Number of protein chains: 2
Amino acid sequence: MGKTRERIVDASAELFRRQGYIGTGMKQIVAAADAPFGSLYHFFPGGKEQLGAEVIRHAGRYYEELVMGIWDAAPDLTSAIDAVFSGAAEVLRQTDYADACPIATIALEVASTNEPLREATADVFESWFVQGAARLEAAGIKRADARDLIVALLSLLEGAFLFGRATRDAVHVERAGQAAAALVRDALGRVNGSPGRAGRTRRRPTPPRRTR
Amino acid sequence: MGKTRERIVDASAELFRRQGYIGTGMKQIVAAADAPFGSLYHFFPGGKEQLGAEVIRHAGRYYEELVMGIWDAAPDLTSAIDAVFSGAAEVLRQTDYADACPIATIALEVASTNEPLREATADVFESWFVQGAARLEAAGIKRADARDLIVALLSLLEGAFLFGRATRDAVHVERAGQAAAALVRDALGRVNGSPGRAGRTRRRPTPPRRTR
DNA sequence: GTCTATACTTTGATAGAC
DNA sequence: GTCTATCAAAGTATAGAC
């Protein structure tokens, strides 16, 4: 229904997430996008690599907005963490253990083999770190701790995605969420003796400006 | 110098870890193994899939023994966690951010596309969970907590590997190790009020029997 | 912008001599 | 067990009519 170029990017993102970048063929993409083959190289003269880079950045930003939207909708920090992990586990189940992180598979595939695409994934992850750290700070985590904490929280999520997909069991994601909550409690306790209300964020945390 | 079949498996494991299963060709494998092409299908009549399954199980067991060996050599639980994560970060740096988890890339590639290989990765991960949980129990973690904790610790490691390779920065692995240590302290505190000696493992934790 | 046909390369896999 | 030649299929990419 949308524009052809848009459909190509969306279909590619879906296929890359499930089959990886290398495992997805250009012919499969145009078939899934219901797009003419000629349009592919019309819109992406740089070929598969240009398409891959665009998909990584597009899917990365989309997922960032999805997760941060859930985060911001929660009344406090611990609820936010719980909502993100619970929601991720639910999506994993509902998609037959296919839809987890949109770029993790690509990131590992290209990390040592394709420098432009590796940089694209690194940029996406860095943006996630910045956005998450800003929210942790807004919730009262010390600036010096926020960066380390968000990396740990997202590592828990990514690792649990890996185990969840491989074992076809989303409980790993939920349990990782409980571990994430424990890490948050620790960090909050380090700055505030009363953990009861320490986790309460401002009602409308100033959304940090995107750096792009 | 070893037997041909052995060289093929080892070379495949190395290539799969860095380039993934799909991204590695059979011709590249025989070249790296310095093996005759005919031998490949002589030893692996099931083709690439049979080779992939064997590499997953072989590399999975090798890595398990490597990590658990480091674990068992540490004087106490928190030292063990630190040693594992620090060692992993060091290897990551020394290999130009190539050598992290030997099967994570394959696991994500095949999770939704190749059921036999997906099962192989699931078996490996499950074995890691069992071995790790047994060691946590031996260190005083309650049985009911050990399983959840080992999944969280390994999720931290796997997620940090992903970010470390993508951003070419091993500090993520070290920081994940600190978060892992915090989770362990929490779990130990839940069973023993004196965290000072609570983390002390038995000098020779009974190695749980392998289930294969 | 769309569409078809096709060029070129690489892939996994096989056959058969040695 | 080894080695070479080769297959059929799939991969990415291009050309050119419309």
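Predicted, not measured: the structure shown is a model, and the values here were computed from it.
Here the side chains of A/Arg61 and A/Val124 are not in contact, with every heavy-atom distance at 4.5 Å or above.
The 5' end of DNA chain D is approached more closely, in terms of each residue's nearest nucleotide, by A/Met26 than by the other of A/Gly38 and A/Met26. Residue whose closest nucleotide on DNA chain C sits further toward the 5' end, between A/Ala35 and B/Pro45: A/Ala35.
Contact annotation: A/Thr4 reaches the phosphate of C/dT2 (side-chain N/O to OP1 or OP2, under 4.0 Å). Not one side-chain nitrogen or oxygen of A/Ser39 sits closer than 4.0 Å to the OP1 or OP2 atom of C/dG1.
Rounded to whole Å, atom C1' of D/dT6 lies 10 Å from atom NZ of B/Lys27. The CG atom of B/Leu40 sits 16 Å away from the P atom of C/dA15 (whole-angstrom rounding). Between the CZ atom of B/Phe37 and the P atom of D/dG1 there is a distance of 18 Å, rounded to whole Å. Whole-Å rounding puts the B/Tyr41 OH to D/dC3 P distance at 17 Å. In this structure, B/Arg7 places its CZ atom 13 Å from C1' of D/dG1, rounding to the nearest Å. Following rounding to the nearest Å, B/Lys48 (NZ) and C/dT11 (P) show an atom-to-atom distance of 9 Å. What separates CG of A/Leu51 from P of D/dA13 is a distance of 10 Å, to the nearest Å. Between the NZ atom of A/Lys3 and the P atom of C/dT2 there is a distance of 11 Å, given to the nearest Å.
Nearest to the side-chain atoms of A/Phe43 among the listed nucleotides C/dG12, C/dG1, C/dA5 stands C/dG1. Closest to the side chain of B/His42, out of D/dT2, D/dT12, C/dA13, is D/dT2.
A salt bridge does not link B/Glu115 to A/Arg168: none of the charged side-chain nitrogens sits closer than 4.0 Å to a carboxylate oxygen. Note on A/Glu109 versus A/Arg118: no salt bridge recorded, every NZ/NE/NH1/NH2 to OD/OE distance being 4.0 Å or above.
A cation-pi arrangement is absent between A/Lys3 and A/Phe43 under the rule of less than 6.0 angstrom and at most 45 degrees off the ring axis.
Taking the ring centroids of A/Phe129 and B/His172, they lie under the 6.0 Å cut-off.
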